Amino acid sequence: MKKAFITGINGQDGSYLSEHLVDLGYEVFGMIRRHSVSENQTYRIEGLNNKITTFYGDINDQQSISNILKKVQPDEIYNLAAMSHVKVSFEVPSFTLKTNGLGVLNLLEAYKAICPKAKFYQASSSEMFGNSIDSDGFQRLTTPMNPTSPYGCAKVLAYNLVNHYRNAYKLHASNGILFNHESPRRGVNFVTNKVVKGAVEIKKGLRTKLALGNLDSSRDWGHSYDYVRAMHLIINNVKPRNWIVSSGQNRSVRDLCEYVFKFLGLNYKDYITQDEKYLRPEELKYLKGDSSEIRELLDWKPTYSFEAMIDEMVDSWMKKI
Ligand code: GDD
């Protein structure tokens, strides 16, 4: 039985990845960071309670990582732990750099010392590109990285550390540069789930307005369920390397609002307002990823369209509220 260790196991991607690996027959271990409100912290992985093993730990705490790796001796390590909110990273830049940058260094050091034969996956992000776009309108592995947020800067640091550790110490370490990916398990302060939840509340008469930030930015949105499958393919490729995972299509936040409200029989223009507090000091305006390599070489393709994903999210909130 192969052993997988996942940091950030209780997040959106951690929960889908755990389910996928359990289905594939893996023994799954995960690390959870303690925080003061314990309620709801593990709701995404509750269905897996007796199928996975979790430990408290923190990628900022070198000892906790080393202790877990010694105990588990994993075959595969997935680093999904991060301060994942781009807007919040402007407010806690130092914490973001420590966690998303130096935290990865801590993990790489422990991996190199304790289980160097394991394979390593780093959750890299399209936020690393900032506003660089190739002339054909796509971002790809060769697109320059010009991050526009503390989050993006930290992810570039981690990306480079993974490349360096792979080259210097011959570790099987890969970066998956994932474009935005969503699901009903997405945090409600990310724009897709915020819009879907807000629109359903409006539909049900629980509110009359929804305040957002920039409606003109565009994102390449896919489903987390599909993207965790890409993570597993990436880590199991014979040769460690970097990959782009994306839908290859993009839509603006305005398009998202239009689709969600229309689906509910509403016109978004009657309900959406703009509030400066949701604007970012520097905005990443446009993301569209070229994922042709992973489609051709690893036979990956998404099963969800944008519409199918949003419909599932709407359905989930219609049942919950
Ligand atoms: N969160 C949020 N809230 N975003 C808003 C809002 C709002 O009220 N109004 C407009 N937006 C815009 C943001 O300015 C951004 O352009 C876009 O919606 C998407 O924002 P998020 O959903 O917060 O995602 P993100 O693109 O900043 O970051 C996500 O994708 C990255 C990959 O590119 C996160 O999942 C990151 O962790 C991930 O690395």
Side-chain angles (χ1 to χ4, degrees), residues 8 11-14 16 79-92 96 99-101 104 122-133 138-139 143 145-159 175-183 185-199 209-224 227-228 230-231 244-248 250-260 268 271-289 291 306 309-310 313:
Q12 168 187 259
D13 293 358
Y16 281 110
N79 182 36
L80 311 186
M83 200 306 285
S84 65
H85 202 282
V86 174
K87 169 74 166 62
V88 174
S89 79
F90 293 96
E91 280 143 56
V92 288
T96 305
T99 307
N100 299 5
V104 182
Q122 165 62 13
S124 281
S125 163
S126 48
E127 184 71 21
M128 299 190 301
F129 294 118
N131 284 318
S132 297
I133 313 168
F138 284 88
Q139 286 100 2
T143 307
M145 291 179 181
N146 289 312
T148 49
S149 62
Y151 172 89
C153 293
K155 284 285 182 181
V156 172
L157 169 58
Y159 176 81
N175 284 290
I177 305 182
L178 270 52
F179 282 61
N180 297 49
H181 44 286
E182 320 292 313
S183 77
R185 300 183 199 171
R186 188 56 142 152
V188 290
N189 56 353
F190 293 91
V191 78
T192 52
N193 220 10
K194 178 173 172 179
V195 169
V196 173
K197 178 172 181 267
K209 296 284 174 202
L210 178 66
L212 295 176
N214 182 10
L215 301 184
D216 295 318
S217 55
S218 295
R219 289 292 182 272
D220 176 329
W221 279 297
H223 197 299
S224 172
Y227 287 34
V228 301
M231 293 177 190
I244 296 277
V245 183
S246 67
S247 79
N250 69 358
R251 288 171 178 79
S252 67
V253 174
R254 194 183 303 281
D255 295 337
L256 164 75
C257 293
E258 193 175 353
Y259 182 80
V260 173
Y268 79 97
Y271 306 99
I272 298 290
T273 60
Q274 269 194 301
D275 189 327
E276 275 195 9
K277 80 173 175 211
Y278 298 116
L279 296 176
R280 298 168 183 194
E282 192 179 1
E283 174 69 282
L284 193 168
K285 300 188 193 90
Y286 175 104
L287 285 175
K288 189 162 78 161
S291 50
F306 172 80
M309 175 180 81
I310 297 292
M313 292 168 72

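None of these values were measured; they are calculated from a predicted model. As the structure lists them, so they are numbered: ligands from 1, and atoms in each ligand from 1.
Every atom of ligand 1 with a heavy atom of Asn214 under 4.0 Å away is listed here by number and element: 9 (N), 10 (C), 11 (N), 12 (C). Per-residue contacts place Glu127 under 4.0 angstrom from the following atoms of ligand 1 (heavy atoms of the residue considered): 33 (O). Close approach to Tyr278 involves these atoms of ligand 1, each under 4.0 Å from a residue heavy atom: 8 (O). For ligand 1, the atoms lying closer than 4.0 Å to a non-hydrogen atom of Tyr151 are 36 (C), 37 (O), 38 (C), 39 (O). Against a heavy-atom cut-off of under 4.0 Å, Gly213 is close to the following atoms of ligand 1: 6 (C), 8 (O), 9 (N), 10 (C). Of all the atoms in ligand 1, the ones that sit under 4.0 Å from a non-hydrogen atom of Ser84 are 34 (C), 36 (C), 37 (O).
Among residues two or more places apart in sequence or in another chain, the side-chain hydrogen bond (donor to acceptor under 3.5 Å, both in side chains) test is passed with Lys87 by Glu91. Listed by chain and number, the residues in a ring-ring contact (aromatic ring centres under 6.0 Å, His included) with Tyr286 amount to none (sequence neighbours excluded).
Nearest protein heavy-atom contact of atom 31 (C) of ligand 1 is Ser125 OG, 3.8 Å. The protein heavy atom nearest to atom 1 (N) of ligand 1 is Asn189 O, 2.8 Å. Scanning the protein for heavy atoms near atom 15 (C) of ligand 1, the closest one is Arg219 NH2, 3.4 Å. Regarding atom 30 (O) of ligand 1, its nearest protein heavy-atom neighbour is Asn180 ND2, 3.1 Å. Looking from atom 33 (O) of ligand 1 to the surrounding protein, the closest heavy atom is Ser126 OG, 2.5 Å. Residue, atom and distance of the protein heavy atom nearest to atom 28 (O) of ligand 1 are Val86 CG2, 3.5 Å. Residue, atom and distance of the protein heavy atom nearest to atom 23 (O) of ligand 1 are Arg280 NH2, 2.9 Å.
Both the sub-6.0 Å distance and the 45° axial angle are not jointly satisfied by Arg251 relative to the ring of Tyr259.
Using bins of under 30°, 30° to 60° and over 60° for the plane-to-plane angle, the ring pair Tyr16/His223 lands in the perpendicular bin.
The heavy atom nearest to atom 16 (O) of ligand 1, out of those in Gly187, Ala82, Ser217, is found in Ser217. Of all the listed residues (His181, Gln12, Lys194, Arg186), Arg186 holds the heavy atom that lies closest to atom 35 (O) of ligand 1.
Only side-chain heavy atoms of Val253 come within less than 4.0 Å of ligand 1; its backbone N, CA, C and O stay farther off. Of all the heavy atoms of Lys155, none lies under 4.0 Å from any atom of ligand 1, so neither backbone nor side chain is involved. Contacts between Val191 and ligand 1, counted as non-hydrogen atom pairs separated by less than 4.0 Å, involve both the backbone and the side chain. With a 4.0 Å cut-off on non-hydrogen atoms, Lys285 does not touch ligand 1 at all. Contacts between Phe190 and ligand 1, counted as non-hydrogen atom pairs separated by less than 4.0 Å, involve both the backbone and the side chain.
At least one donor-acceptor pair under 3.5 Å links the side chain of Asn131 to the backbone N or O of Lys285.
The pair Arg219-Glu283 meets the salt-bridge criterion, since a charged nitrogen lies less than 4.0 angstrom from a carboxylate oxygen.
Residue contact check for ligand 1: Glu283 places a non-hydrogen atom closer than 4.0 Å to it. Under a 4.0 Å heavy-atom criterion, Lys277 is not in contact with ligand 1.
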